[in-house]
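Please read the structure below before turning to the comments.
Labels below follow one simple rule: chain letters A, B, ... track the order of the sequence lines, proteins then strands, and each chain is numbered from 1. Hydrogens, waters and symmetry mates play no part in the numbers below; they use all other heavy atoms, side chains included.
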Amino acid sequence: MDILKHLNSQQKEAVTSDAKQILVLAGPGSGKTRVLTQRMAYLIYEKHVNPYQILAVTFTNKAAREMIARVKKLIHAELEGLWLGTFHAICARILRREADFLPVNANFIIMDADDQEALVKRVIKELGMDEKLNNPYSIHDAISRAKNNLLTAKSYTAKEYRDEVVKKVYVRYQNLLESTNSVDFDDLLFLTVRLFEEHADIHRKYASRFEHVLVDEFQDTNLAQYILLKQFSAFHHNLFAVGDEDQSIYRWRGADYRNIQRFEEDFPEAHKVLLEQNYRSTQNVLDAARGVIDQNPVRTPKALFTQRGTGQAITLYQAVDDYDEAAFVVDTIQRQMSTGEHQGGDFAIMYRTNAQSRLLEEAFLRAQIPYRLVGAQRFYGRREVKDIISFLRLVHNPEDELSLMRVINVPPRGIGDKTLIALQLVSQQKGISPGNILLELGEKGQESALWQEFSNRGGFMLADFGRMLVRWRKLAENAPLPELFDLIVQDTDYHEYIETAGEIGLNRWENVLELRRLAYEFLDSGLTTFLETVALVSDQDTLPETLNAPTLLTLHAAKGLEFPVVFIVGLDDGWLPHSRSMDDPEEMAEERRLFYVGITRAKDRLYLVRAEQRSTFGSFSSTYPSRFLEDIPENLLVRQGMVLHSRSKPGSEMRWESVAKQGPSTNGNKPIPHYKPGMRVRHPQWGEGMVIETRLDNEDEVLSVIFENEGIKRLSASVAKLEIL
DNA sequence: AAGGCCCTTCTTTTT
DNA sequence: GAAGGGCCTT
């Protein structure tokens, strides 16, 4: 039977096992996704399990989509009724169906990270606490952790003063969520667990349906998710988990790789399979990865091997500074693309923090090489995108106060502090939510009993906005989403608003159009689905699949992906490992796993890059090489770039290959600055501009020029054909 | 009410 | 080196 054809014996063992609980410990590149998809195909095709009775959980929507496609291909059939998605998406689906038993109704809004923090901030203010002393981020973090450990506000125990603060905020925070018909990310899981605990009949309904439960990336489940898995499989007890302790990188989000050990304790009969053959990387890459991960104390030892041969040496490039780091990456890519050795999509550049992408992006722009940037936050966190989504959320759920407050005066429509205070006051007195007050004013205008509660001017302004809201809601009832989208943009003059905002170089309107394009994909499914999808997108979901270009992404976002050529940049102590992880051994171990994940993404070629100096907000500071670099056997490495100076450890004899820079400007001439700040110049594409800064970078001159229509651009004098005016 | 200016403060990772 | 907050002026 061809479903099993391309499997090795360990994989086959996992796919066809008759055991009820199966734990597959799968090293990187060992065919974990393949095992998962073939297992599903095997169950359906061979064991005649109805897809309707299968539940599979992945970590990203992208992984879910890919998995569905692969299973379909294997069995040449549709997968009617199969449930496959992220924990959050699956829980949202259940909660909407069973909303009768929840503190919110089926139209609930899902709060994203920004919303959550804003809400916490609001509560802190409301309770008269000092924001400086009670960092909203960390309080929200504590609340989130509590929820992931299944602690309600009531059951949250306060041992120290800080816990009391958290508890107080938690109570009010949860109240606000309920009264505005919202849930946060963590509630999706927590409410489902409680729903099952408190309603045996509902629990039975789902548990008896799901004859087989499968889960990917099991090492990154938190307590709530682990309990959910047990609940889902409580009737048939068929639980198939795939994971790898060494790739656990979400501890800070409540994930606990010890769930793997817990699984073995909870299900002593479980069948355990180790996948150790790696099909992805060369031996050199695997040896480097192993050198790094072997330093972690608590782990199941795995003997990863490959038949792909030794492969090329790993390049360790030491840059002068972070500009040089970016230049090295882009030069190397440019060279390998021009020789035809690789195409754009073969490359990935990974870093620890999102901020590190900036210089890389600029370098790619300068070299005129398109690139793909992975990161949902970068799009959905944009002000204009959040604004439009807030309007839509308001249409969907007028009680969503956070959205209302966000956009009630965007663009400015004369609703200021005074009017808002009045609105809050009336809302409290009458027990009507601000959104519903607006709707009432919008519908009845001066006829409304509420009219007299407001000042003349305030009343008119609020009623104006209310009228728009009423109109939008009416349209939303039967018109397709893009039509609603357009009406909102039109009614609010949003285009004009962002175009006249006077910010240079920001293509805000393009982001709005991009969001509109996205809305088109929801012609049939409508507003609710759109908002839910938007709330639950993961970073990896934003990877433009069709563009064959180098990919920029964080190490976290890299999990589960692979690339022929991988650059890991910023290998300096304080960046990787990150400075925030320095004083906790558990966090340090996680940083190491993060590096391990990065290394093992590489199929053929691995570049490790660090910079002797980095600009951390404005000022340059020197760095030390990442401590993890010491754990890579020297014989795997070829060192390039600048020579380590006195700060390197005495006695560590290192071979450095001095390489001529092969940028476009290698001509041996000593550079003389040609440009001065204040000069007027003309660029062939961008037109006239003024030089605001120049600096000599290796053999080239780097200019910052402000263009009339393009804003500030950084360019290299040797590449940009500038004309001095 | 709104916009401009200067100040600080901060930057992990994300479903 | 950006973004938000506070304070000023119009």
Side-chain angles (χ1 to χ4, degrees), chain A residues 57-64 85-92 110-114 116-118 121 125 131-132 135-138 140-141 144 147-148 184-189 217 220-222 224-225 248-255 350-359 374-378 380-383 409-420 457-458 461 500-503 506 532-542 553-559 570 574-582 587 590-591 593-595 597-598 614-619 704 712:
Chain A
V57 191
T58 59
F59 255 71
T60 65
N61 301 297
K62 177 170 175 265
T86 64
F87 274 106
H88 292 86
I90 286 166
C91 288
I110 300 169
M111 296 275 170
D112 68 19
D114 280 350
Q116 294 174 51
E117 213 187 310
K121 234 182 210 171
K125 259 191 208 139
E131 245 184 70
K132 300 250 157 62
N135 179 280
Y137 180 87
S138 83
H140 171 248
D141 207 51
S144 171
K147 288 185 175 182
N148 285 321
D184 66 16
F185 279 135
D186 308 308
D187 284 337
L188 290 172
L189 310 175
E217 309 280 15
D220 277 326
T221 51
N222 58 36
Q225 290 164 331
S248 168
I249 54 174
Y250 286 105
R251 195 182 98 95
W252 50 275
R253 213 168 68 188
M350 302 170 189
Y351 35 79
R352 176 68 235 269
T353 67
N354 281 305
Q356 288 169 269
S357 75
R358 211 190 89 242
L359 287 180
V374 177
Q377 276 304 87
R378 298 193 102 77
Y380 291 99
R382 288 252 143 84
R383 203 180 68 209
N409 202 27
V410 173
R413 55 174 67 85
I415 302 177
D417 283 350
K418 281 236 171 80
T419 314
L420 284 183
R457 179 187 151 88
M461 298 299 178
T500 54
E503 289 145 315
L506 291 175
E532 180 164 316
T533 308
V534 159
L536 297 180
V537 276
S538 74
D539 270 14
Q540 283 194 9
D541 299 327
T542 65
L553 74 179
T554 62
L555 287 160
H556 281 91
K559 191 170 73 161
W575 296 86
L576 187 69
H578 194 273
S579 52
R580 292 240 176 163
S581 320
M582 295 292 188
E587 286 192 26
E590 179 145 311
E591 296 290 303
R593 292 192 293 268
L594 197 50
F595 187 32
V597 166
R614 276 181 193 284
S615 49
T616 344
F617 18 42
S619 58
S704 298
I712 297 176

| Are any of A/Thr60's side-chain N or O atoms less than 4.0 Å away from OP1 or OP2 of B/dT15? |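 No, outside the criterion.
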Checklist entry - Counting just side-chain N and O atoms, does A/Arg358 come under 4.0 Å of either OP1 or OP2 of C/dG1? => result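 Looking at the OP1 and OP2 atoms of C/dG1, one of them is under 4.0 Å from a side-chain N or O of A/Arg358.
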Report the distance from atom [atom1] of [X] to atom [atom2] of [N], rounded to the nearest whole Å.
X        : N      : atom1 : atom2 : value
A/Arg251 : B/dT15 : CZ    : C1'   : 18 Å
A/Gln356 : C/dG1  : CD    : C1'   : 15 Å
A/Tyr250 : B/dT15 : OH    : C1'   : 8 Å
A/Asn354 : C/dA2  : CG    : C1'   : 14 Å
A/Asn61  : B/dT15 : CG    : P     : 9 Å

I need the A/Glu591 CD to A/Met582 CE distance, nearest 0.5 Å.
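A/Glu591 CD to A/Met582 CE: 8.0 Å, rounded to 0.5 Å.
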task: Report the residues that fulfil ring pair (Phe, Tyr, Trp, His ring centres under 6.0 Å) with A/Tyr250, sequence neighbours left out, ordered by chain and then residue number.
output: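 A/Tyr250 satisfies ring pair (Phe, Tyr, Trp, His ring centres under 6.0 Å) with A/Trp252, A/His556 only.
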| said: Run the ring pair (Phe, Tyr, Trp, His ring centres under 6.0 Å) test against A/His578 and tell me which residues pass, sequence neighbours left out. | reply: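 Residues passing ring pair (Phe, Tyr, Trp, His ring centres under 6.0 Å) with A/His578: none at all.
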Query - Touch class at under 4.0 angstrom, heavy-atom based, for A/Phe59 against every strand present - result: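 Answer is sugar-phosphate: A/Phe59 comes under 4.0 Å of backbone atoms only.
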- Using a cut-off of 4.0 Å on non-hydrogen atoms, how would the nucleic acid contact of A/Lys121 be classed: base, sugar-phosphate, or nothing?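 The residue A/Lys121 makes sugar-phosphate contact but no base contact.
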Check salt bridge (Lys or Arg N to Asp or Glu O under 4.0 Å) between A/Asp141 and all other residues, then give those that pass, not counting sequence neighbours.
->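 For A/Asp141, the residues satisfying salt bridge (Lys or Arg N to Asp or Glu O under 4.0 Å) (neighbours in sequence not counted) are A/Arg145.
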Partners meeting salt bridge (Lys or Arg N to Asp or Glu O under 4.0 Å) with A/Arg614 (sequence neighbours left out):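 So A/Arg614 forms a salt bridge (Lys or Arg N to Asp or Glu O under 4.0 Å) with A/Glu325, A/Asp572.
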Next item on the list: Determine if A/Trp252 stacks with B/dT13; use a centre-to-centre distance below 5.5 Å and an interplanar angle below 30° as the criteria.
Entry: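 Yes.
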Practice task
For residues A/Leu555 and A/Tyr351, determine if any side-chain heavy atom of one lies less than 4.5 Å from a side-chain heavy atom of the other.
Solution key: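 Contact flag for A/Leu555/A/Tyr351 side chains = no.
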Nearest to the side chain of A/Arg253 - B/dT15, C/dG5, B/dT13?
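The nucleotide sitting nearest to the side chain is B/dT15.
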5' to 3', nucleotides 1-11 of chain B under a 4.0 Å protein heavy-atom cut-off (B base, S sugar-phosphate only, - none) gives SSS------BB
Could you list the residues that satisfy side chain to side chain contact (heavy atoms under 4.5 Å, CB included) with A/Ala63, not counting sequence neighbours?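 If we apply the side chain to side chain contact (heavy atoms under 4.5 Å, CB included) test to A/Ala63, skipping adjacent residues, the hits are A/Thr58, A/Thr60.
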Next on the checklist: Closest-nucleotide mapping onto DNA chain B: is A/Ser581 or A/Thr86 further toward the 5' terminus? I mean the 5' end.
Outcome noted: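 Closest to the 5' end, via its nearest nucleotide, is A/Ser581.
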- Message: In whole Å, measure the gap between the C1' atoms of C/dG4 and B/dT13 for me.
- Response: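 Each nucleotide's C1' atom is 22 Å from the other's.
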